[in-house]
Amino acid sequence: MAIVQPKSIKYRILATHIVMCLFLLAVLFPLYMVVMISFREGNFATNVSDSFYDLFLPRMDSLTLDHWKLALGMSYVDEAGVEHLPPFPVLKWLWNSIIISFFTSAFIVLLSTTSAYAFARLNFKGKNALLNCMLIFQMFPSVLALVAIYALFDNIGEYIPFIGLDTRAGLILSYMGGIALHIWTIKGYFETIDASLEEAAAIDGATPWQAFRLVLLPLSVPILAVVFILAFIGTITEVPVASILLNDVDNYTLAVGSQQYLASQNKLWGDFAAAAVMSGLPITVVFMLAQRWLVGGLTAGGVKG
Amino acid sequence: MDSFAFEKRGKTSGGGAPGLMILKGLLSAIVLLFGVFMISSMFTHGQYAFAILFTIVIAGGLLVTWMKGMYPHRYIFPSIAGMVVFIIFPLVYTVYIAFTNYSAKNLFTLERAENYFLSQTYRIEGGDYQFKLYAKEGNKYVIVLNNQPTMLADGNPSEVRTYASPETVFFDKDQMEKPSNKTTASKTVIHVTKVDNSYTQDMEDCGIKCKAAFRDYLKSIKIKIDAQELTYTGLNTFSAVKNRFVRQDQVVLGNQETLQNSHMLKDVSDDSLIIPDMNDGYYKTIDTQTGEPVGERMAPGFRVYIGFEHFKRIFNDPSISTPFVKIFIWTVCFAALTVFITLAIGMVLACLVQWEFLKGRGIYRLILILPYAVPSFISILVFKGLFNENFGEINRILDFFLGWRPEWYNEAGYARAMILLVNAWLGYPYMMILCMGLLKSIPDDLYEASAMDGSGPVQNFMNITLPLLMKPLTPLLIASFAFNFNNFVLIMLLTNGGPDFLPEDGVVTTAGSTDLLVSYTYRLAFEGGAGGNDYGLASAIATTIFILVGALSIVNLKISKMGAKD
């Protein structure tokens with residue numbers, strides 16, 4: 001505890017509060033805008049209001065749920081009697097994203113846990129070299145190898161069609177390469193658990209697999225949850241590989257599809273806003289609820305790496 | 001971690017329940033059989049790289065399953081295999097492509113290009129027939145052909161002959177969508193017989209409607225008149241065609257030497273010979289004296305090894321090196337500036353929210369992390385809309401207060417400023433989180449001592465906090481630099497590299513002033529247009545980035561190891 005307190009501290013606190021509030025305004029500005037735009041009439045070109053203040057607080061008569069109807073897959077009829085159909089299958093994209101991310105994270109947890117166990121508890125040749133190798137290769141972004149990844153799945157698809165191009169299974173499979181960081185995170189956690197428990201189990205005649213499954217795993221549920229959520233968020237926001245492997249609009253993930261709203265010929269600003277809030281909010285809420293644990297997992301893996 | 005009591009037993013525990021063993025054996029056999037089939041098929045198709053990859057993976061899998069000494073490797077095999085297949089192999093394959101001329105123009109293997117030429121046909125003179133379709137009962141149709149009369153030497157037109165088919169069922173457009181019908185149609189040969197010229201008198205011509213409806217079907221069938229085979233060559237015509245190229249393995253040249261080339265083809269229409277030029281990947285006609293390929297390039301090209309050609313172009317050819325150097329400089333500046341800005345903001349904020357006299361810092365902290373919690377593809381797209389030049393909210397605010405409407409997407413300077421601004425918003429929370437964790441490890445008595453000496457908060461920050469944080473932060477900053485060096489999603493979603501360089505700057509490829517090296521390679525590979533779809537060049541640039549990233553990560557590993565030892 002600091003013993004010495006200068007008299008100017010009140011002013012410093014006040015100044016800090018002011019600076020913080022201004023900064024928070026800048027941080028919250030885009031988020032506030034997008035929520036508001038999703039409830040405001042019209043898309044880009046069709047809504048140029050003269051009043052500046054309408055930008056921040058829309059008039060009551062310009063509030064509408066039209067964009068939200070489209071985002072939820074419903075159509076609406078405007079004043080002129082024209083029916084507007086949803087421009088894109090957003091709910092389908094969201095569903096694709098959730099399915100792909102769920103299975104990807106489940107497999108990632110499965111693979112990285114067993115690997116982390118071997119790296120933390122078993123002895124074999126070249127263990128450290130392998131660990132370092134994995135970390136180095138993880139640094140190479142897959143964007144640079146997209147041509148090769150496309151060729152790879154084109155080829156696999158000729159023999160095993162259900163994991164070829166334009167399939168969910170293929171995309172999930174392609175994400176199985178990027179698990180080195182997760183292995184490091186889980187390994188770090190395993191090393192904080194006292195090995196004497198497993199040794200006791202071994203003395204009682206447990207095989208390494210039994211010691212892993214019945215002793216170590218139940219103790220590691222928190223870190224597995226953290227890795228699952230991190231992998232889930234990482235997958236749901238992945239763009240380059242998904243955009244190359246998926247061709248059909250109905251197969252797109254949200255991250256690939258949502259660009260379509262603001263592509264040069266489409267300026268569906270309001271429709272985008274509703275779709276963005278609808279799909280972004282759940283992820284944001286999950287992250288904020290779990291952030292206490294996620295932050296720990298993030299920095300633990302990073303600092304040790 | 002030290003070895004375990006059960007470690008030794010683990011090595012011998014290859015066995016298990018007999019039922020499990022049978023299952024294991026059965027699964028291994030299936031994998032082995034399928035693997036052998038797949039790998040041998042890949043070999044015969046000339047896909048050597050893929051064949052080797054799957055040999056390694058399948059052999060590794062079986063080895064790990066059955067070798068007793070490799071028990072620990074069973075745990076790591078799936079993740080190592082995933083890494084090998086989806087990270088290391090694409091890396092190696094990309095480097096390999098960098099040394100070939102693989103592009104939209106040189107897409108095929110030599111074998112496929114050769115087969116393409118062998119499937120080419122040309123129309124035999126006087127072999128054209130006009131055709132008409134006549135509807136019959138039971139959804140059947142008759143096709144009737146007339147030869148094209150030619151002028152004979154005596155000034156009279158030649159005789160008109162008419163041929164008719166038996167009543168046949170045709171497939172319309174929808175039916176042709178079915179693959180099974182497609183194959184049937186492609187194997188169909190309709191034999192027509194000579195009939196009287198008045199054959200069609202009482203029949204009703206079904207006209208252009210039918211011809212359009214059955215176009216896909218007519219395109220795939222063949223019609224036989226005596227020995228002549230006809231194929232569809234236009235909306236009204238079937239023609240006798242002949243293969244334009246035939247194989248010819250050797251030829252005696254003008255200089256009496258014999259040229260042997262198993263890929264040599266003879267053009268039947270003009271008796272010239274063509275061979276593949278392995279230097280640039282095109283078939284060309286040969287010089288009959290020397291046997292050298294000297295003619296014009298004949299599309300489609302095929303893939304050949306071209307050595308360091310792409311790398312030379314990156315550094316010597318001004319049309320590539322000009323944008324490359326510009327983009328490289330911007331990429332380094334972007335990554336360095338981003339690290340600096342996010343670190344500065346993040347560190348100051350971390351110090352502020354940890355300051356014990358500040359009330360409500362829990363709430364501040366929570367809101368400050370918010371940009372990190374929103375999925376980045378959404379927040380980037382939100383910024384894309386907000387920065388819209390004409391209708392975007394940001395320009396309307398700037399216009400209201402300052403009468404200023406910057407062209408965020410059309411002027412290089414503004415576009416770059418926007419990119420840095422958006423990335424600062426996206427990236428500071430990560431730095432803040434890191435700093436908050438590290439700040440806890442700085443002992444309080446350091447600050448107490450400095451307070452005794454009468455130093456203020458700024459001095460404290462500069463003399464204690466900053467130096468103590470920098471050391472553990474360095475490897476993380478390098479990692480952040482490497483990440484932003486390759487921050488593809490930001491560029492792709494926000495500007496897609498634009499505003500593009502103008503053609504008069506000597507740039508032939510698509511490249512823009514906000515392109516990073518990664519987005520540049522992506523556009524080279526996957527965007528069409530002049531210089532587009534050049535996979536070889538894109539891979540060469542990717543390879544240079546690999547070297548840079550590899551060097552960075554090795555440096556990083558060294559630094560973090562040094563940190564760990566201290």
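Order of the sequence lines sets the chain letters (A, B, ...), proteins ahead of strands, with each chain counted from 1.
- Contact count versus chain A (heavy atoms, under 4.5 Å) is highest, among B:Thr521, B:Val549, B:Leu517, for B:Val549.
- Taking the six-membered ring for Trp and the full ring otherwise, the centers of B:Tyr372 and A:Phe287 sit less than 6.0 Å from each other.
- Proximity to chain A involves both the backbone and the side chain of B:Ile367, based on heavy atoms less than 4.5 angstrom apart.
- Atom CE of A:Met176 and atom OG of B:Ser79 lie 11.0 Å apart (nearest 0.5 Å).
- Between the side chains of A:Ser115 and B:Tyr75, not a single donor N or O lies within less than 3.5 Å of an accepting N or O.
- With chain A as the partner, the residue from B:Tyr93, B:Trp355, B:Phe89 showing the most heavy-atom pairs under 4.5 Å is B:Trp355.
- Put simply, the side chain of B:Phe86 does not reach to within 4.5 Å of the side chain of A:Ile149, judged on heavy atoms.
- The two residues A:Gly280 and B:Ile378 have their closest heavy-atom pair at CA-CD1, 3.4 Å.
- By the ring-ring contact (aromatic ring centres under 6.0 Å, His included) test, B:Phe488 pairs with B:Tyr522, sequence neighbours left out.
- When heavy atoms are compared at a cutoff of 4.5 Å, B:Val489 approaches chain A solely by way of its side chain, counted from C-beta outward.
- In terms of heavy-atom pairs under 4.5 Å with chain B, the best-connected choice from A:Val286, A:Val239, A:Val143, A:Val19 is A:Val143.
- Counting heavy atoms from C-beta outward, A:Met288 and B:Leu366 have side chains that approach closer than 4.5 Å.
- For the pair A:Ile156 and B:Phe50, the minimum side-chain heavy-atom distance is 4.5 Å or more.
- The shortest side-chain heavy-atom distance between A:Leu152 and B:Leu53 falls under the 4.5 Å cut-off.
- No other option in B:Ile380, B:Ile97, B:Val95, B:Ile88 has as many heavy-atom pairs under 4.5 Å with chain A as B:Ile88.
- For B:Phe34, the part lying under 4.5 angstrom from a heavy atom of chain A is the side chain only.
- Among the candidates A:Leu28, A:Thr237, A:Asn155, the residue making the largest number of heavy-atom pairs closer than 4.5 Å to chain B is A:Asn155.
- Contact record, A:Met33 with B:Glu393: CE-CG, 3.0 Å, taken as the closest heavy-atom pair.
- Between chain B and the options A:Val277, A:Ile37, A:Ile283, A:Leu173, the largest number of non-hydrogen pairs under 4.5 Å is found for A:Leu173.
- Across all non-hydrogen atoms, the minimal contact from A:Met134 to B:Met83 is O-CE, 3.2 Å.
- Put simply, the side chain of B:Leu349 reaches to within 4.5 Å of the side chain of A:Met20, judged on heavy atoms.
- Listed by chain and number, the residues in a side chain to side chain contact (heavy atoms under 4.5 Å, CB included) with B:Pro78 are A:Leu111 (sequence neighbours excluded).
- Put simply, CZ on A:Phe23 and CG on B:Leu352 are 10.0 Å apart, with the number rounded to the nearest 0.5 Å.
- When each of A:Ala151, A:Ser112, A:Ser142 is scored by its heavy-atom pairs under 4.5 Å with chain B, the top score falls to A:Ala151.
- Between A:Glu238 atom CD and B:Phe377 atom CZ the span is 11.0 Å, to the nearest 0.5 Å.
- When the candidates B:Pro475, B:Pro457, B:Ala482, B:Ser539 are compared by the number of heavy-atom contacts under 4.5 Å with chain A, B:Pro457 comes out ahead.
- Proximity to chain A is limited to the side chain of B:Ile345, based on heavy atoms less than 4.5 angstrom apart.
- Contact annotation: the side chain of B:Pro72 never approaches that of A:Asn123 to less than 4.5 Å [non-hydrogen atoms, C-beta and beyond].
- With chain A as partner, the option from B:Phe383, B:Phe37, B:Tyr447 having the largest number of non-hydrogen pairs under 4.5 angstrom is B:Phe383.
- Heavy atoms closer than 4.5 Å to chain B are found in the side chain of A:Phe272, but not in its backbone.
- Ring centroid separation for the pair B:Tyr535 and A:Tyr150 does not come in under the 6.0 Å cut-off.
- When all heavy atoms are compared, the tightest approach of B:Val382 to A:Pro30 is CG1-O, 3.9 Å.
- Closest heavy-atom contact between A:Leu144 and B:Thr94: O-CG2, 3.8 Å.
- A donor-acceptor pair is defined here as one N or O able to donate and one able to accept, closer than 3.5 Å; such a pair exists between the side chain of B:Trp425 and the backbone of A:Val27.
- Residue A:Ile160 qualifies as enclosed at atom CD1: its count of foreign heavy atoms under 6.0 Å is above 12.
- Interface summary for chain B: among A:Thr16, A:Leu130, A:Leu110, A:Ile179, the most heavy-atom pairs under 4.5 angstrom belong to A:Thr16.
- How far OH of B:Tyr364 is from CG of A:Leu24: 6.5 Å, rounded to the nearest 0.5 Å.
- Contact annotation for A:Thr113: neither backbone nor side-chain heavy atoms come within less than 4.5 Å of a heavy atom of chain B.
- Residue with the most contacts toward chain A among B:Ala538, B:Ala479, B:Pro90: B:Pro90 (heavy-atom pairs, distance under 4.5 Å).
- Between A:Tyr159 and B:Phe54, the distance separating the two ring centers is not shorter than 6.0 angstrom.
- For chain A, no part of B:Ser379 is nearby; none of its heavy atoms comes within less than 4.5 Å.
- Residue B:Met42 touches chain A through both its backbone and its side chain, counting heavy-atom pairs closer than 4.5 Å.
- In this structure, A:Ile136 CD1 and B:Ile554 CD1 are separated by 5.0 Å, a value rounded to the nearest 0.5 Å.
- Contact annotation: the side chain of B:Asn388 never approaches that of A:Trp269 to less than 4.5 Å [non-hydrogen atoms, C-beta and beyond].
- Of all heavy-atom pairs between B:Tyr71 and A:Pro208, the closest is CE2-CG, 3.7 Å.
- Per-residue heavy-atom pair counts under 4.5 Å with chain B were compared for A:Val285, A:Ile183, A:Ile244, and the maximum is reached by A:Ile244.
- In this structure, CD1 in B:Ile87 is found 9.0 Å from CZ in A:Phe137, a value given to the nearest 0.5 Å.
- Contact of the B:Leu370 side chain with the A:Thr284 side chain is registered, since non-hydrogen atoms from C-beta on lie closer than 4.5 Å.
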